[in-house]
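Read the structure below first, then the notes.
Both ligands and their constituent atoms are indexed starting at 1 by order of listing.
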Amino acid sequence: VSKIFSAGLDITEMSGKSNEHYAAFWRAVQEMWLKLYGSNMVTIAAINGSSPAGGCLMALCCDYRIMADNPKFAIGLNETQLGIVAPFWFKDTMINTIGNRATELSLQLGQMYPAPEALKFGLVDKLVPEDKVQSAAAAAMSQWLSVPDHARQLTKSMMRKPAIDRLVKQREADINNFVSFISKDSIQKSLQIYMDRLKQKK
Ligand SMILES: CCCCCCCCC/C=C/C(=O)SCCNC(=O)CCNC(=O)[C@H](O)C(C)(C)COP(=O)(O)OP(=O)(O)OC[C@H]1O[C@@H](n2cnc3c(N)ncnc32)[C@H](O)[C@@H]1OP(=O)(O)O
C-alpha cells in the first residue's frame, strides 16, 4: 500500500472477538517480535510510509532504520491515543533504541513523529528521498554484512538477550494480561471510537 509502511496491528483482530481469539492473536504477535528482535541475521528497515504502533515496533526490531524523507510520514508507538497500553516488551524495544526519557515522553503522549523529527532523536537512523529508500537499505545491508558475522551476531545477542528473556519468562502471563485488558468493555469502547474516527476522517 502506498504511503504506509505498516498500519500496525489489525485493530479488527482486537475488537468484538472471543478470548480464545485474542489469546491466539497475541501469541502470534509475541512470536513475530521474538523472531524479528531475536534474529541473528542483519535486518534493515526500509520505511516507505507511516509506521504507527505495531509498525513502529517492527521497524525498531531491525538493526538499522532508513525512512523516506517526507514529513507526511510519521512513526511512533501511539497506543495511548487508542486508549490502549504498549506492553513492556514494546517499551523495552524502544528504550533500547532511544533511551528511557525519550521513550517515556513518546509512550505517555502516544506521539507520532514526522520523519525529520524522528531522525533528530534516533528513532530512525537515516532519511533519504522516497525513491532511494530501497537502494539506501541495500547499501546499509552491504555495510552491515561486511562485519565478521560471528562477532556481529554475538554482539547483537548480548545487547538484546535481556529483553528477549524477559518476555520468554512471562509469555503466558503476558497473554493472560492482554486478554483480560483487551476484552474489557471500556477498552473495546475506546477501540471502537478510534476506528469510527479513522473512518470519519475521509
Ligand atoms: C496492559 C497491556 C495490555 C496490552 C494492551 C494492548 C496492546 C496492543 C498493541 C497495539 C498495537 C497496534 O499496532 S494498534 C494499531 C495502531 N494503528 C494505528 O493507530 C493506525 C491507524 N491508522 C492510521 O493512522 C491511518 O489509517 C494510516 C495507517 C496512516 C493510513 O492512512 P490513509 O489515509 O492512507 O488510510 P485510511 O483511510 O486511514 O485507512 C484505510 C482503511 O484501513 C483501516 N485501518 C487503518 N489502520 C488500521 C488498523 N491498524 N487496523 C485495522 N484497520 C485499519 C481504516 O479504518 C480504513 O478502513 P476503511 O474505511 O474501511 O477503508
Side-chain angles (χ1 to χ4, degrees), residues 1-37 45-62 65 67-68 70-95 97 103-104 106-115 117-118 123-124 130 133 163 166-167 169-202:
V1 184
S2 67
K3 297 190 236 149
I4 308 168
F5 169 69
S6 160
L9 301 186
D10 184 345
I11 297 166
T12 64
E13 291 289 316
M14 299 187 280
S15 38
K17 303 279 197 302
S18 67
N19 285 0
E20 289 70 31
H21 182 98
Y22 295 141
F25 175 67
W26 200 245
R27 190 179 296 283
V29 177
Q30 290 178 332
E31 198 62 39
M32 179 206 70
W33 182 81
L34 289 167
K35 288 222 165 88
L36 192 55
Y37 198 57
I47 310 167
N48 56 358
S50 275
S51 190
C56 175
L57 181 75
M58 268 207 294
L60 286 174
C61 285
C62 293
R65 282 159 286 289
M67 189 165 182
N70 183 337
K72 284 192 184 144
F73 299 158
I75 181 166
L77 294 180
N78 63 333
E79 277 80 353
T80 54
Q81 294 286 345
L82 287 75
I84 56 180
V85 179
F88 70 87
W89 38 286
F90 285 45
K91 179 256 312 167
D92 286 344
T93 311
M94 189 175 244
I95 287 178
T97 310
T103 298
E104 182 169 349
S106 162
L107 289 187
Q108 286 210 46
L109 297 173
Q111 284 268 29
M112 290 290 295
Y113 300 93
E117 226 178 297
L123 189 58
V124 298
E130 274 170 64
V133 173
R166 220 170 138 215
L167 177 60
K169 275 201 204 98
Q170 304 177 52
R171 222 175 146 175
E172 299 309 314
D174 182 63
I175 292 172
N176 292 337
N177 195 31
F178 172 78
V179 172
S180 67
F181 181 85
I182 214 73
S183 59
K184 282 195 181 104
D185 283 346
S186 57
I187 301 304
Q188 287 291 312
K189 268 195 201 113
S190 295
L191 287 177
Q192 197 52 56
I193 291 167
Y194 187 78
M195 280 303 269
D196 290 347
R197 240 192 270 145
L198 268 185
K199 294 195 191 300
Q200 275 163 21
K201 205 183 58 177
K202 292 192 170 165

Heteroatom proximity flag, [X] to ligand 1, N/O under 3.5 Å:
X: Gly55; value: no
X: Tyr194; value: yes
X: Thr12; value: no
X: Lys201; value: yes
X: Ile11; value: yes
X: Lys199; value: yes
X: Ile182; value: no

Where Lys17 and Thr12 come nearest, the two heavy atoms and their spacing |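 Answer, listing the atom of Lys17 first, then Thr12: NZ-O, 2.7 Å.
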
Considering all heavy atoms, the nearest Cys61-Trp33 contact |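 Taking Cys61 first and Trp33 second, the nearest heavy atoms are SG-CD1, 3.5 Å.
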
Does the side chain of [X] reach to within under 4.5 Å of the side chain of [Y], using non-hydrogen atoms?
X: Glu117; Y: Met112; answer: no
X: Ile11; Y: Tyr194; answer: yes
X: Arg65; Y: Leu60; answer: yes
X: Val29; Y: Trp89; answer: yes

Go through the structure and list residues passing salt bridge (Lys or Arg N to Asp or Glu O under 4.0 Å) with Glu172, not counting sequence neighbours.
->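 By the salt bridge (Lys or Arg N to Asp or Glu O under 4.0 Å) rule, Glu172 matches Arg27.
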
Under a 4.0 Å N-O cut-off, is there an ion pair linking Lys3 with Glu130?
-> no

Taking 4.0 angstrom as the limit and counting only heavy atoms of [X], give me the atoms of ligand 1 inside it, by number and element.
X: Phe178; result: 4 (C), 6 (C)
X: Asn177; result: 1 (C)
X: Asp10; result: 50 (N), 51 (C)
X: Gly8; result: 13 (O)
X: Ala53; result: 11 (C), 12 (C), 13 (O), 14 (S), 16 (C)

Proximity of [X] to ligand 1 by residue part, where a heavy atom lies under 4.0 Å:
X: Ala7; value: both
X: Leu198; value: side chain
X: Ile84; value: side chain
X: Ile4; value: side chain
X: Met195; value: side chain

Can you list the residues that meet the ring pair (Phe, Tyr, Trp, His ring centres under 6.0 Å) rule with Phe25, with sequence neighbours excluded?
->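 For Phe25 there are no ring pair (Phe, Tyr, Trp, His ring centres under 6.0 Å) partners, ignoring immediate neighbours.
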
Should the heavy atoms of other residues, nucleotides or ligands under 6.0 Å from CG of Asp185 be counted, would the total exceed 12?
-> no

Using the side chain to side chain contact (heavy atoms under 4.5 Å, CB included) rule, take Lys35 and Glu31 through it: C-alpha gap first, then chi angles, then the decisive distance, then the call.
-> CA-CA 6 Å; Lys35 288 222 165 88; Glu31 198 62 39; 3.4 Å; yes

Option of least heavy-atom distance to atom 5 (C) of ligand 1 (set: Asn78, Val85, Asp174) =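 It is Val85 whose heavy atom sits nearest to atom 5 (C) of ligand 1.
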
To which of Trp26, Phe90, Tyr22, Phe181 does the heavy atom nearest atom 3 (C) of ligand 1 belong?
-> Phe181

With respect to Cys56, which candidate in Asn78, Thr93, Leu77 satisfies the side-chain contact (heavy atoms from CB on, under 4.5 Å) definition?
-> Leu77

Under a heavy-atom criterion of less than 4.0 Å, does Lys3 contact ligand 1?
-> no

